[in-house]
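Worksheet: the structure to be examined is printed underneath.
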Amino acid sequence: MNFKVASRSLYSVLSGVSKAINSKNTISVLDNFLLEVDAEQKLLTVTASDTENTLVARLALSEADQSGRFLVNARRLCDIGKELPAVDVDFQVDADSYALKITFPGGQFDLVALDATQYPVSSNPLEELTPEEKAAAVEILVPGKVVLGGLENTLFAVASDQVRPQLMGVFWDIFPDKITFVATDTRKLVRYDNTTVAPGIERKVILPFKPAVLLKSLLSGDDDVKIVITDKSITFSTETITLGARLIKGNYPPYERVIPKDNPYVATFDRESLLTAVRRVSVCADPAHGLTKLRFTDGLLEIRVDDANHSTFAEEKLSCDYAGRDLVIGFSAGYLIEILATLSTENILMKLADPSRPGVFVPDENPEGTDLVIILMPMTVQNF
């Protein structure tokens, strides 16, 4: 079997798909890519899996003399693809010995491929569904920019503590007229509503962190994404990629209950100025907790950090639009930086009530059809 493919396109696909492979696999064959050639359509399909998640990408071939399937070591092929010149590259696979030769003008690589029948998963995740799962599956079509927006605004808040596995993913609360994306690690919570899409169904699913990151890195905002949901799995498909993932079992906490409804004191900031100031002073914060103390007075914010163990102290003052009672509150510098880096508008609002209640961070203006709310639990401030 011989086929020819553009080296740059091939490496782009290989590097993206390789992210689905674990660094250490208990099943050694999962260290390989499954490559499938469709000679009639001149199409190469590359599959990688960790059994929980299966990522498939497709790219066009310049030439292909016959269809076939084989396995090749993923790390070795990625390393070769990275170093290939920007030319069309010839792949020649011996059907009997599985000897693989990769040739390009002036050079070649010789490898040993493996029989594709050893691969434990299908290149089409939907084929893995049982008849009962297929019968109960629901399908929706969502613009890629909606999915990207939901993931970009929530991934930073996903929990990493395995004690509460339901929090180790992005919660999709799907309604007939909108999708709500939620993530929390109990210290911070983000809720992102998008009403520009109307799925027409109601479903609640928790997408694990790894496939969420994979999806975010590979999706284009111009794609329409076909999403097939079952009780145990979810599959995302575009013209060029397919991602199948197992869902996290269990019920997500009732997120609406923890979002404050009435924080009367509102401060308006230039987001970049506040982000830069917090980053600067955080250099002197106690690394054990990163406590950053904020004091709000009429039109002014004072930011202070200190580390008694190393006798360090930092302070900055920023002007802000604030009119209310004087208020002192503490937040983790690291969490503040994450939130301010996630928000993208020029100005943001910080809504407060008292030092013991969560702060609410929102953009001064949401894009049409969206609503982003981030809350952050405060830290105890003994003295300012």
Side-chain angles (χ1 to χ4, degrees), residues 1-6 9-22 25-62 64-78 81 91 93 95 98 100 102 111-131 133-134 137 139 207-208 210-211 213-215 217-220 223-230 232-247:
M1 175 176 62
N2 297 348
F3 62 91
K4 183 179 288 187
V5 62
S9 299
L10 177 64
Y11 177 66
S12 177
V13 166
L14 295 177
S15 60
V17 174
S18 66
K19 297 173 184 175
I21 300 176
N22 288 335
N25 286 304
T26 54
I27 305 175
S28 60
V29 74
L30 293 177
D31 292 332
N32 296 276
F33 288 129
L34 170 62
L35 271 61
E36 299 176 276
V37 176
D38 184 331
E40 184 178 344
Q41 299 187 42
K42 290 186 178 179
L43 191 70
L44 176 65
T45 301
V46 183
T47 302
S49 179
D50 61 6
T51 69
E52 294 288 321
N53 310 288
T54 299
L55 180 56
V56 183
R58 296 168 284 274
L59 75 159
L61 297 174
S62 306
D65 66 352
Q66 66 182 83
S67 300
R69 309 166 72 236
F70 63 94
L71 302 178
V72 62
N73 184 269
R75 179 176 295 178
R76 181 62 54 82
L77 189 58
C78 281
F91 281 69
V93 185
Y98 285 99
L100 170 61
I102 304 172
L111 306 173
V112 177
L114 296 173
D115 184 358
T117 59
Q118 300 179 42
Y119 207 65
V121 298
S122 169
S123 58
N124 182 355
L126 295 177
E127 292 181 355
E128 303 283 332
L129 301 180
T130 65
E133 288 175 325
K134 290 180 180 178
E139 180 181 315
L207 181 65
K210 180 178 177 178
V213 171
L214 289 173
L215 191 62
S217 67
L218 295 171
L219 267 188
S220 164
D223 295 327
D224 280 336
V225 186
K226 183 176 78 172
I227 305 175
V228 178
I229 305 170
T230 73
K232 298 179 180 179
S233 67
I234 188 167
T235 302
F236 303 89
S237 300
T238 70
E239 288 187 0
T240 56
I241 67 164
T242 298
L243 172 63
R246 289 188 181 274
L247 297 171

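Just the heavy atoms: all of them, side chains too, but no hydrogens, waters or symmetry mates, feed the values below.
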Measuring only between side-chain heavy atoms, which start at C-beta, is [X] closer than 4.5 Å to [Y]?
| X | Y | value |
| --- | --- | --- |
| Val93 | Val37 | no |
| Leu30 | Thr51 | yes |
| Lys19 | Leu55 | no |
| Ile102 | Leu77 | yes |
| Val228 | Leu126 | yes |
| Phe236 | Leu207 | yes |

At their closest point, which heavy atom of [X] faces which heavy atom of [Y], and how far apart are they?
| X | Y | answer |
| --- | --- | --- |
| Ala6 | Ser62 | N-OG, 4.4 Å |
| Pro211 | Leu243 | O-CD2, 3.4 Å |
| Leu35 | Val46 | CD1-CG1, 4.2 Å |

- [ ] Step by step, work out the side-chain hydrogen bond (donor to acceptor under 3.5 Å, both in side chains) result for Ser123 and Glu36.
- [x] CA-CA 9 Å; Ser123 58; Glu36 299 176 276; 2.7 Å; yes
Open item on the list: Working note: Leu34 + Arg69, criterion side chain to side chain contact (heavy atoms under 4.5 Å, CB included); need CA distance, chi angles, decisive distance, verdict.
Closed with: CA-CA 7 Å; Leu34 170 62; Arg69 309 166 72 236; 3.8 Å; yes
Drop me the distance from [X]'s [atom1] to [Y]'s [atom2], to the nearest 0.5 angstrom.
| X | Y | atom1 | atom2 | result |
| --- | --- | --- | --- | --- |
| Asp65 | Lys42 | CG | NZ | 11.0 Å |
| Thr240 | Leu219 | OG1 | CG | 8.5 Å |
| Thr238 | Asp223 | OG1 | CG | 4.5 Å |
| Asp115 | Phe70 | CG | CZ | 12.0 Å |

Is a donor on one side and an acceptor on the other found under 3.5 Å between the side chain of [X] and the backbone of [Y]?
| X | Y | value |
| --- | --- | --- |
| Arg58 | Ile241 | yes |
| Lys210 | Ala20 | yes |
| Glu128 | Ser122 | yes |
| Asn25 | Ile27 | no |

Open item on the list: Atom NZ of residue position Lys134 - does it have more than 12 heavy atoms of other residues, nucleotides or ligands inside 6.0 Å?
Closed with: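 More than 12 heavy atoms, drawn from other residues, nucleotides or ligands, come within 6.0 Å of this atom.
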Open item on the list: Evaluate Thr230 against Leu129 for side chain to side chain contact (heavy atoms under 4.5 Å, CB included), listing each step before the verdict.
Closed with: CA-CA 9 Å; Thr230 73; Leu129 301 180; 4.0 Å; yes
Task: side chain to side chain contact (heavy atoms under 4.5 Å, CB included) assessment of Val56 paired with Asn124 - done: CA-CA 8 Å; Val56 183; Asn124 182 355; over 6 Å; no
- [ ] Just do the side chain to side chain contact (heavy atoms under 4.5 Å, CB included) check on Ile21 and Phe33 with the steps written out, would you?
- [x] CA-CA 9 Å; Ile21 300 176; Phe33 288 129; 4.1 Å; yes
Task: Test side-chain contact (heavy atoms from CB on, under 4.5 Å) applied to Phe91 and Leu10, Leu61, Val72, Leu111, the passing residue - done: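 Going through the options one by one, the only one that passes is Leu10.
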